Number of protein chains: 2
Amino acid sequence: MKKSSAIAALGALAQETRLDIFRLLVQKGPQGMAAGEIGERLGQPPPTLSFHLNQLRFAGMVTSRRVSRSIIYSANFKAMSDLLAYLTENCCGGRAELCAPRASAGCSSECAPPAPVQSRKSRRISV
Amino acid sequence: MKKSSAIAALGALAQETRLDIFRLLVQKGPQGMAAGEIGERLGQPPPTLSFHLNQLRFAGMVTSRRVSRSIIYSANFKAMSDLLAYLTENCCGGRAELCAPRASAGCSSECAPPAPVQSRKSRRISV
DNA sequence: TTCATAGTTCCATATTTATAGAAATATCAT
DNA sequence: ATGATATTTCTATAAATATGGAACTATGAA
């Protein structure tokens, strides 16, 4: 994944209405949901909703298809997983053992907090 | 994870310099890196860098600790994994079998594109 | 103390992003 | 055609975010 795509994806999701839209669509699954229904659920006026759906679409996080008068939006699951992979890429310099318990998908699950590092000489430090 | 935390995290990462910083720190692992070294690597003037480090810190994506004159920043791996979990939460309404091949961590790996939905009556549609 | 180093905060400016009314487009039913 | 529904584009305005110079704070060394 290119950096610019990741920034676009993150930026698309970093807004309350759009995050709501995206999670709604993630939960809805591949069948998707019509723009109108999304707007009803989230209480957004059509132009505002359309703006946000466009942002998500340009960022590649959703796809759309017309069905009769409705436009059906669906989450782009591939884009989501690519983004997650990008964020965790080469975690801990490849030495995932530095990332504590159940570091399954290359560190993405759960990593140790950086507190108890002190590799050799235990050095006392302040925050 | 609360929605506001997710938005803060996504917003923090949705900016080129900050994404660079975060990925650098993810790859560096728990030992972290001094602000100065980050600035050198990314070619950012100190005030700009400090601004972005603060954004990441307020969003909970990095932690900082002082070591002598340096301030060492580290990625917050827990925050990252919480964010990833939030994004994929209840994927496909819990029926992860709707999300195609190797849907390991609740859909986060790879999900089917929404193209071949057509649950019952195969309806021809245009895009 | 004084100096050099490492970072931060303050501030003004520039840029980007969000909101929603009004008008326009597309589809379907009559 | 005409009207109703579904959604978008246009537009102006408002709000949030990014940038970097100048000045400030904290730490350690001479």
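Letters A, B, ... mirror the listed sequences (proteins, then strands); counts begin at 1. The structure presented is a predicted model; accordingly, all values stated were derived computationally and were not measured.
- Of the candidate nucleotides D:dA18, C:dT19, D:dT8, D:dA18 has the atom nearest to the side chain of B:F51.
- Between D:dA18 and B:Q55, a contact under 4.0 Å exists linking OP1 or OP2 to a side-chain N or O.
- As judged by a 4.0 angstrom heavy-atom cut-off over every strand, A:R18 is placed among residues touching the sugar-phosphate backbone only.
- Between B:L19 atom CG and D:dA18 atom P the separation is 13 Å, expressed in whole Å.
- Side-chain atoms of A:R69 lie closest to D:dA6 of the nucleotides D:dA6, D:dT19, C:dA18.
- Within the nucleic acid shown, A:P47 comes within 4.0 Å of at least one base atom, counting heavy atoms only.
- Remark: the backbone N or O of A:A12 is paired with a side-chain donor or acceptor of A:R18 at under 3.5 angstrom.
- As judged by a 4.0 angstrom heavy-atom cut-off over every strand, A:P46 is placed among the base-contacting residues.
- Rounded to whole Å, the distance from CZ on A:R66 to C1' on C:dC28 is 11 Å.
- A distance of 10.5 Å separates CE of B:M33 from CD of B:E40, quoted to the nearest 0.5 Å.
- The nearest whole Å value for the distance from the CG atom in B:L49 to the C1' atom in D:dA18 is 13 Å.
- Atom-to-atom, CD1 of A:I21 to P of D:dT7 comes out at 13 Å; the value is rounded to the nearest Å.
- Distances shorter than 4.0 Å separate none of the side-chain N or O atoms of A:H52 from OP1 or OP2 on C:dT17.
- With respect to the salt-bridge test (charged N to carboxylate O, under 4.0 angstrom), the residues A:R41 and A:D20 do not qualify.
- The shortest distance between the side-chain N/O atoms of B:S50 and the OP1/OP2 oxygens of C:dG7 is not below 4.0 Å.
- Listed for the A:R23 side chain is no donor-acceptor partner under 3.5 Å among the backbone atoms of A:L25.
- The side chain of B:N54 contributes an N or O atom lying less than 4.0 Å from OP1 or OP2 of C:dT9.
- Rounded to whole Å, the distance from CZ on B:R65 to C1' on D:dA26 is 18 Å.
- A:N76 contributes atom CG, which lies 7.0 Å from atom CE of A:M61 (distance to the nearest 0.5 angstrom).
- C:dT16 atom P lies 13 Å from atom CD of B:E16, rounded to whole Å.
- Contacts of A:T48 with the nucleic acid, taken as non-hydrogen atoms under 4.0 Å apart, include base atoms.
- Atom CG of A:L56 is separated from atom P of C:dA18 by 10 Å (rounded to the nearest Å).
- We find the SG-CZ distance between A:C91 and B:F77 to be 4.5 Å, quoted to the nearest 0.5 Å.
- As rounded to whole Å, 16 Å separates atom P of C:dA6 from atom CG of B:L53.
- Dashed line: the shortest gap from a side-chain N or O of A:Q15 to OP1 or OP2 of C:dT19 is under 4.0 Å.
- Here B:Y73 reaches the OP1 or OP2 of C:dT8: one of its side-chain N or O atoms lies under 4.0 Å away.
- The phosphate of C:dC28 has OP1 or OP2 within less than 4.0 Å of a side-chain N or O from A:S68.
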